[in-house]
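Please read the structure below before turning to the comments.
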Amino acid sequence: MEIWDLYNNERAKTEETMVRGSQIPKDLYHLVVHVCIFNKKGEMLIQHRQPFKDGWPGMWDITVGGSSVSGDSSVTAAEREVLEELGYELNLQNMRPSLTVNADSIFDDFYLVEREVDTSRLKLQYEEVKEVKWAALEEILSMIDASTFIPYYKSFIQTLFDMRFHPGMRKI
């Protein structure tokens with residue numbers, strides 16, 4: 001059973017929690033994180049979700065993403081998701097999200113990092129990730145058109161690629 005902390009609209013943690021899968025109470029929010037790893041060639045590491053995974057089964061997605069659990073900060077949730085899904089240790093300490101997307105009941109923090117990752121050395125989480133590969137922007141946009149990539153707005157994917165040059169992006 002996964003427990004989530006809940007936040008108010010100003011992103012302050014409340015004393016309330018909830019169990020994953022239950023309805024998020026009105027006027028409260030949950031924290032979600034995504035990490036996009038880029039290489040020096042400007043490609044993003046993307047993951048192919050397992051065909052039996054709940055939510056977008058068999059689709060390609062950005063590097064990693066997931067929900068924070070009770071006690072996580074945004075940074076610790078992002079580090080944990082990378083370690084769980086890819087078996088890769090990434091230190092994001094002293095880093096803030098590159099952007100946050102505010103949705104109906106979530107704060108979704110996106111971390112953009114540049115790192116050379118040898119995909120053959122990753123230990124993929126069987127329950128979540130079928131395979132990974134490096135992909136250029138054009139390939140991801142084509143995959144969205146072909147309905148093989150989660151249907152993010154193409155302009156949003158373009159923004160992620162454009163923001164990798166932002167001074168706040170961390171080259172680690």
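Keep in mind that what you see is a predicted model, and the values were worked out from it rather than measured.
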Just so I know, are the side chains of Ile140 and Tyr152 near enough to count as touching, which here means a heavy-atom distance under 4.5 Å?
no
Please tell me whether Ile150 and Ile106 are part of a single hydrophobic cluster in this structure, the criterion being side-chain heavy atoms less than 4.5 Å apart.
no
ILVMFWY cluster, Val69 and Tyr111 together (side-chain gap under 4.5 Å)
no
Does Leu45 reach the side chain of Trp134, with side-chain heavy atoms less than 4.5 Å apart?
yes
Please list all pairs meeting salt bridge (charged side-chain N to carboxylate O under 4.0 Å, His left out) that have one or both residues in residues 75-88, counting only residues at least two apart or in different chains.
Asp72-Arg80, Arg80-Glu84
Is the shortest distance from a Lys or Arg side-chain nitrogen in Asp61 or Lys53 to a carboxylate oxygen in the other one below 4.0 Å?
no
Does a donor on one side chain sit under 3.5 Å from an acceptor on the other, for Thr159 and Tyr153?
no
Distance check, rounded to the nearest 0.5 Å: Thr76 atom OG1 versus Leu83 atom CG?
12.0 Å
Between Phe149 and Ile46, does the side-chain contact (heavy atoms from CB on, under 4.5 Å) criterion hold? Intermediate values first, please.
CA-CA 10 Å; Phe149 201 94; Ile46 61 174; 4.0 Å; yes
Distance-only, no hydrogens or angles: does the His34 side chain make a donor-acceptor pair with backbone N or O of Gly66 under 3.5 Å?
no
Could you check whether any side-chain N or O of Gln50 sits under 3.5 Å from a backbone N or O of Tyr126, counting only pairs where one atom can act as donor and the other as acceptor?
yes
Look at the side chain of Glu43 and the backbone N and O of Ala136, then say whether any donor-acceptor pair between them is shorter than 3.5 Å.
no
Side chain proximity check, Arg11 to Leu31, heavy atoms < 4.5 angstrom
yes
Is the shortest side-chain heavy-atom distance between Tyr29 and Glu10 below 4.5 Å?
no
Answer yes or no: is there a donor N or O on one side and an acceptor on the other, between the side chain of Asp27 and the main chain of Asn8, under 3.5 Å?
no
Any side-chain heavy atom of Val64 sitting closer than 4.5 Å to one from Val33?
no
Could you tell me whether the side chain of Leu6 reaches within less than 4.5 Å of the side chain of Ile24, counting heavy atoms only?
yes
Assigning hydrophobic clusters by single linkage (Ile, Leu, Val, Met, Phe, Trp, Tyr; side-chain heavy-atom cutoff under 4.5 Å), is Val101 placed with Met44?
yes
Cluster overlap Met163 with Ile62, hydrophobic side-chain contacts below 4.5 Å
yes
Student check: side-chain heavy atoms of Val117 and Asn39 closer than 4.5 Å
no
Thr119 side chain to Lys133 main-chain N or O, any donor-acceptor pair under 3.5 Å?
no
Can you say whether the rings of Phe110 and Phe156 are parallel (under 30°), tilted (30 to 60°) or perpendicular (over 60°)?
perpendicular
For Gly55, is there any backbone N or O sitting under 3.5 Å from a side-chain donor or acceptor partner on Arg49?
yes
Which label fits Trp4 and His30: parallel for a plane angle under 30°, tilted from 30 to 60°, or perpendicular past 60°?
parallel
With the 4.5 Å side-chain cut-off for hydrophobic clustering, are Val32 and Ile157 part of the same group?
no
Leu86 versus Leu124: any side-chain heavy-atom pair under 4.5 Å?
yes
